[in-house]
Structure formats: C-alpha cells, structure tokens
Amino acid sequence: MSQSGQPYKVVVCRNLGSDVMTLLESRPELELVVWPEDRACDRAWLLDNIHGATGVIVMLTDKVNLELLDKAGPSLRIVSTMSVGYEHIDLKVAAQRALKIGYTPDVLTDAVADLSVMLALMASRNGGIGVSLVQNGEWPNFSWAPFGLCGPQLSTTATSPTRKIGFIGFGRIAQATLARLVPFGITHCLYSSNPSSPPNLQRDAELAKKYNLKAVEKVDLDELAHESDVLFVLAPGGSGTYHVVNEDLLGKMKKTSILVNASRGTLVDSDALAKALKEGWIWGAGLDVVEGEPNVTRDHPLVKESRCIIIPHIASATLETRKDMATCAAQNLIAAILGGDMPAEVDLSAFL
C-alpha cells in the first residue's frame, strides 16, 4: 500500500490474458484500471485515466511521451512495456523524471528466430507467389515447367556446397537464428555490428567450432552484402541504424540473395528495396516489419512486389511467447512498485 494506506493505481493498456491478469488482480496493493476493449488502447482514454497512476503497462502502440507523462503527474514512477523494443518511450524524459522502465527481452528470442528462418524459406522458394496462385483459383490453369516457381535453395547440395549467411546485428536473436540454420548445411556466418565494438574473436571461434562452420567473422557492410546468400536484419532500431539497408547496399548483393528483416522497419529503405526487387538486384525479401507500419496498404511499393513476403509484425506471436512477455511485463511492474528490482529494466544512465 502507499503511505496513505491506499492501493497504488496502475493503468493497464490491454487485457493480458486470464493467467497474467490474475497475477495483477491478486495483489491487494494494486488498484487496476484496465482498457476494456480488445483493440489498441484509445489515446484519449489513456490520457483521461493516467492521472494519479503509480505505474502503467503499455504496448508498442502506446506512446509514452511528454504529453502522457505530464497528464500522469508526479505520482507516475513505473512504465512497463510488453515489448523488447522501447522506441515508443521517450527515454530522455523518463530519465529526467527518474522513472523505471521495464521491458521484455530474451523471452521472444526463439519465436523471432523461428520466424526469421520461415521468412527466408518463403522468400527463396516463392512462397507468396505459390500461395496467391492457389488462393486465387489459378492452380488449374498453371502450366508446370522444369524451372517454374523455382528459387535458390537455402540448404547446401552436392553441386552447391557453400552457403554464406549474413547478419546485420549479431545479438541473441541472430545467434539463435544461426543455430536453426546449421542443419541446412551452412558453411559461413558473416556479420556486421556496432562499428565501435571490436570483434569477439573468442566467441566467434567457439561458435565456428560448435557448429562446424568454416568461419564466423565480423566484416564490413560491403563484404556482408557481396558475400551473403541470405542477409538477416536483426539489429536495434534508432538513428544509428536508420536505412542501413539502402540502395547502395542492395546494389552490392547477389542476384540470388534473400533479405530478411525481423527487427525494425526503419532499418530498410522501402523504396530502395522495392527498386531492387523490381529490377532483379536480389531474388526476394521476407519482412515482418515495414517502415511506417501499420499503414502498409495494397498500393505500397513492397506489397506490389510478388517476391516480397510481408507479414504484419508477428515474430513474437506464439501462445507461449506472448504469455511469457505479458508475465514479464507484469512482474516488472509489481517488483518496482513493491520496491524491488525489475527482472528486466532499461538502463537509462546514458540519458542522465
């Protein structure tokens, strides 16, 4: 309870499911105010209800900015987001107000890695074209041909024994994706990461030995583009990675290469990618994220490209992962309100 003996007001921007809501509802210290509808929380509702709250649980769609924090007032101490990303939170203002920010890393690593491999396979094997052909009733009129609907094979073969997989960003999710690709017979892992970070030679050697790879090596973006058969974009968003995949990089990729983005839409220049696909610079692309989402309609230049697989930001959308994310978000909030350490707290020291 607060010093006044009253429970702490907590605003929850989405029903988190029966198991997790029970976790919150069972705490007598909390007075919950929950957005009642099964859709993104209405901004006006959030602004009307946030005043006097000690904590709030938000989604990626809820902007935590100066407007919201001013409406909340000085009582607000904790923001817990059900996401691994926190671009929707103004971290500078949060640090100035000594807020605690919780997020949900680690728990979605496996789900995102699974989906990244799925996107690579769908893009390389013309999955989008094939599905559309069936769903549009065109299969009966489709004429089989020796090389009809063929695409580059992800796995190695006797006549094509080398596969080089590239990563922009080589953190937890990238390394989990690498592990899933090993049974396909990949031979080389190349990656590019923060230029200010030196290569981790010991880790790279251990990964190469563990997975029986010819190389795990940090390279520059030019070499990464030139050499990768599949290039996975799995780096954080922000100004430092904005449009890291641009016309220049795409122009250096192989004509049979695949681009996969399961991180943030802002890392890929959509117009440049659409041009690369249209003009055959690369073979295909698989995207879980697109810059400007969810405003991606059928007239979007990437939607018009038949070799571009786009799904609506669902990399973490497994029953198990979403439950774990919701649980982590609730535990972060409860721990901070009760004066403990959050299981996963954003480090705001750089903003102080």
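Under the side-chain contact (heavy atoms from CB on, under 4.5 Å) rule, C13 has a single partner from D42, I57, I50, V56, which is V56.
Counting non-hydrogen atoms of neighbouring residues, nucleotides and ligands closer than 6.0 angstrom, the NZ atom of K254 exceeds 12 such neighbours. Taking a 6.0 Å sphere around NZ of K252, one finds it holds more than 12 heavy atoms contributed by other residues, nucleotides or ligands.
Put simply, CD on E25 and CG on L30 are 10.5 Å apart, with the number rounded to the nearest 0.5 Å. Going from atom CG of L99 over to atom OG of S80 covers 12.5 Å, rounded to the nearest 0.5 Å. For the atom pair CD1 (I258) and CE (M253), the distance works out to 8.0 Å, reported to the nearest 0.5 Å. The structure places CG of L207 at 13.5 Å from CD of E217, a figure rounded to the nearest 0.5 Å.
Between R172 and D106, at least one side-chain nitrogen of the basic residue sits less than 4.0 Å from a carboxylate oxygen of the acidic one, meeting the salt-bridge criterion. In summary, E31 and K9 do not engage in a salt bridge, as defined by a charged side-chain N under 4.0 Å from a carboxylate O. With respect to the salt-bridge test (charged N to carboxylate O, under 4.0 angstrom), the residues R14 and D62 do not qualify. Under 4.0 Å is where a charged nitrogen must lie from a carboxylate oxygen, and between D204 and K218 no such pair does.
Among residue pairs with one or both ends in residues 198-225, none qualify as ring pair (Phe, Tyr, Trp, His ring centres under 6.0 Å); sequence neighbours excluded.
For T157 (side chain) and S160 (main-chain N/O), a donor-acceptor pair under 3.5 Å exists by modelled atom type.
The two residues T256 and P152 make their nearest non-hydrogen contact at O-CG, 3.4 Å. Between A95 and F351, the shortest heavy-atom distance links the atoms CB-CB, 3.6 Å. Nearest approach of V84 to P105, heavy atoms of both residues: CG2-CA, 3.6 Å. What you find for D271 and P301 is that their closest heavy atoms are OD1-CG, 3.8 Å. Across L249 and A225, no two heavy atoms sit closer than the pair O-CB, 3.6 Å.
When side chains are defined from C-beta on, V219 does not count as touching Y191, because their heavy atoms never get closer than 4.5 Å.
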